[in-house]
Amino acid sequence: METIKKIIAQAASDAVIEEAQRLTVTVPPKQLHPLMKALHDNEELPFDYLISLIGMDWGDKLGVIYLLSPSKDLTRELVVITATEDRGNPLLYSVTDLYETAHLNEREVYAMFGIRFINNPDMRPFLLDDTWNGFPLRKDYDTDPARNPVTVISSEVRDDVPRIMEDENGNLVESTTRVFEKDDYIINIGPQHPSTHGVMHFRTALNGELIKKIDVRSGYIHRGIEKLCESLTYPQILHLTDRLDYLSANINRHAVCMCVEKAVGIEVPPRAQYIRTIMDELNRISSHLLAFASHCNDLGATTAFIYGMREREHVLDIFDKTCGGRLIINQDVIGGVMFDIYPDFQKDVKAFIPYMRKRLKEYEVFFSKNPIALRRMVDVGYMSREDAITYGVTGPAGRGSGWSCDVRLHKPYALYEQVEFTEVIRTEGDSYARYLNRLDEIEQALQIIEQLIDNIPEGEIQGKVRPIIRIPEGRYFQSVETGKGEFTVFIESKGNKHPYRLKFRSPSMAAVSVMPLISEGEFLADFIGIGGSMDYVIPDIDR
Amino acid sequence: MDVKKIKIKAFPAEEFKDNDSLQAYIDELNAEGTNVIIGKLDEMINWGRANSLWPLAFATSCCGIEFMAAAAAHYDLARFGMEVTRNSPRQADVMIVAGTIVNKMAPLLRRVYDQMAEPKHVVAMGACSISGGPFTNSYCVINGVDKLIPVDVYVPGCPPRPESLFYGLLQLQRKVKADKFIQKKRIVRPYRPETLINPKTGEPIDMEVCLEPTPDTSIE
């Protein structure tokens, strides 16, 4: 920690360092970029993984919170804060030259808070249209629907890109460029397209049959969950987190529960911890099975789709019997779990484990070694380890590029410290590695469940929780490993029963932001397959 | 015609919870009576139509996954002749709106609906597409797709189980069987376009004027 403090003090003389839940550094906007550069480039402990970039409105100030971590050592985390007092024309410096993942995140902050980033080459708003009036996540946002009326008349997609750059003399120059060149042949994939895994819009410039450039447009399912959360109590928020990445619904919920529990100091009974961990792993299996099914379907293997969905139903049956839900199971609550397991739970899960193992072998015979599948996955959509880190691609996709980034292993929560499992890492970095990673992770999840299922202790399923939960003032982070990667919840509380600001780090957003890079030069037909191998969920991106 | 006479496979009319609204629909449709020959011909055509409703899954979020589960092996949508999910609106008979529709998506939903060929039907699947669901207070969520397009069947749930979707689709089959295909008589449920505003003029949008004329499907 001392070395980090030394680096900070050298790079930014005005930095204020405080030790809260994480080491927190506050810098004036001018010194932000030198500080980030020093943190990113130092040789001892390079903070090269930008976990989360959070826009903030503190009333008198608008700012950004950066959550950084070294890719070598995910246990170390650092919070960097910068803010500007100019609410009329807020300007901050961009970190896109250091972290690629900042591109879409900064554009999102612009759409939500109106903060423009100097030196970001593309300053179009993300998620919202550029015709949108007002900045929704600002505290003084006027929610009158008349300001942004609903229309059924399609608006033109604009091709010009505004930007604000700093020249050598330190003057700010505003200019516009274009996304595509004039003669580019552009194909729209999405928004309503079955293989974009939701409502995503990829504007794709082609060079013959090869992909030249992709412009990612999102926001077709932006429901404003973060704004809604600011007026809900913590138990109410849980219902919205389920609907972010609905395939890992229970794991998302687990993250918010843990964040609140740690902040308030609620102890979760051991029985509830066991149930939560087992449910999380079952949820991961169902998520990976759906990813396998839809990926294979994207490549034209309908049989594999049917197989994947068939096995998934067995998991959903267990969920159904436990709590009545299939996809969204409402199992975790703050302090424990809502429902106890049913009497035959262990029997059902134990019957499922050998069944699933048998099916995994079947998948390998039928599909993993299928020559057509191999030709469409091996060496397609290559992502290097460095790309995975700078774009923040975690989960099976990041581990397919050789980056050890499993939150369960590096920042263990619930019972993951007590169980033994291997982190599945492959170094090929292609679609096939990501595909195989998911199937291997199903096997690992089965092993985790096997270790826990017989040892569920008797006892309470809910800890002591006050009827109205107030989180003490402060900033709280909690990461979990969902089916897609690292999902982080950030809560800033002012001591009320509502959060002052709540932000979700979406692993899918990182996966989508890397799509233009890894599909460049690939066939248009393979683009769909690469998308399947990245396994993103759009409502998780749009929130 | 009595609603009990409309037979669909393996689900007798008595077991439906709501027969009255369909009965009212049939009464309204048949207010002027029908020619026997045309009526019989209609019945035959509708028998075929009702058993091969090709859905277009307008899936935006969670409900789309439940739709996938409904179409897969365990629940098997093919039992009702609906397994041919079409991704082109030109080939689809019924649009299943599965998921939240937000402001940015509204023009696209309307466009896809307009591209579908008549006769077309819409199923609103899930709380979001019925009323905005848990996001009803949000700044950019449309509180019900019936503000944009006419809806035939509402399937509540968040997300609805495949069984409830099937129940809704069976209701739709009954409704299709009651239609007057040859005379092109249908009653399109009124929808609520009052919240829609033309961004250029600031005036409320009159659906009939601003969109390309669609074939007149209302009762003469």
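Chain naming here is simple, since letters A, B, ... match the order of the sequence lines and numbering starts at 1 in each.
- The greatest number of non-hydrogen atom pairs below 4.5 Å with chain B, out of A:Asp320, A:Thr131, A:Asp542, A:Leu247, is found for A:Asp320.
- Put simply, of A:Arg312, A:Arg223, A:Arg310, the one with the most heavy-atom pairs under 4.5 Å next to chain B is A:Arg223.
- Contact count against chain A (heavy-atom pairs under 4.5 Å) is highest for B:Asn87 among B:Val141, B:Asn87, B:Thr85, B:Ile101.
- For A:His239, no part sits under 4.5 Å from any heavy atom of chain B, backbone or side chain.
- Most heavy-atom pairs under 4.5 Å with chain A, from the set B:Cys158, B:Pro134, B:Pro162, B:Pro107: that is B:Pro107.
- When the candidates A:Asp242, A:Ile306, A:Leu327, A:Leu316 are compared by the number of heavy-atom contacts under 4.5 Å with chain B, A:Leu327 comes out ahead.
- Among residues two or more places apart in sequence or in another chain, the side chain to side chain contact (heavy atoms under 4.5 Å, CB included) test is passed with B:Asn103 by A:Trp132, A:Val150, B:Cys140, B:Ile142.
- The candidate with the highest count of non-hydrogen atom pairs below 4.5 Å against chain B, out of A:Gly134, A:Gly308, A:Pro136, is A:Pro136.
- No side-chain heavy atom of A:His314 sits under 4.5 Å from any side-chain heavy atom of A:Ile285.
- A:Arg326 contributes no side-chain N or O that, together with a main-chain N or O of A:Glu313, makes up a donor-acceptor pair within less than 3.5 Å.
- Both the backbone and the side chain of B:Ala73 come within less than 4.5 Å of a heavy atom in chain A.
- Chosen from B:Cys62, B:Ala59, B:Ala69, B:Ser138, the residue pairing most often with chain A at heavy-atom distances under 4.5 Å is B:Cys62.
- Proximity of B:Pro159 to B:Ile65: side-chain heavy atoms (C-beta onward) are nowhere separated by under 4.5 Å.
- Of the atoms belonging to A:Tyr141, it is side-chain heavy atoms, and not backbone ones, that fall under 4.5 Å from chain B.
- Inspection of the B:Asn19 and B:Arg174 side chains reveals an N or O donor paired with an N or O acceptor under 3.5 Å.
- Aromatic rings from B:Phe135 and A:His222 are positioned such that their centres are separated by 6.0 Å or more.
- In this structure, the side chains of A:Leu289 and A:Arg359 stay at 4.5 Å or more apart for every pair of heavy atoms.
- A:Asn252 and A:Arg243 are not linked by any side-chain donor-acceptor pair at a separation below 3.5 angstrom, with hydrogens and angles left out of the test.
- Both the backbone and the side chain of A:Ile221 come within contact range of chain B, judged by heavy atoms closer than 4.5 Å.
- When heavy atoms are compared at a cutoff of 4.5 Å, A:Leu127 approaches chain B solely by way of its backbone atoms N, CA, C and O.
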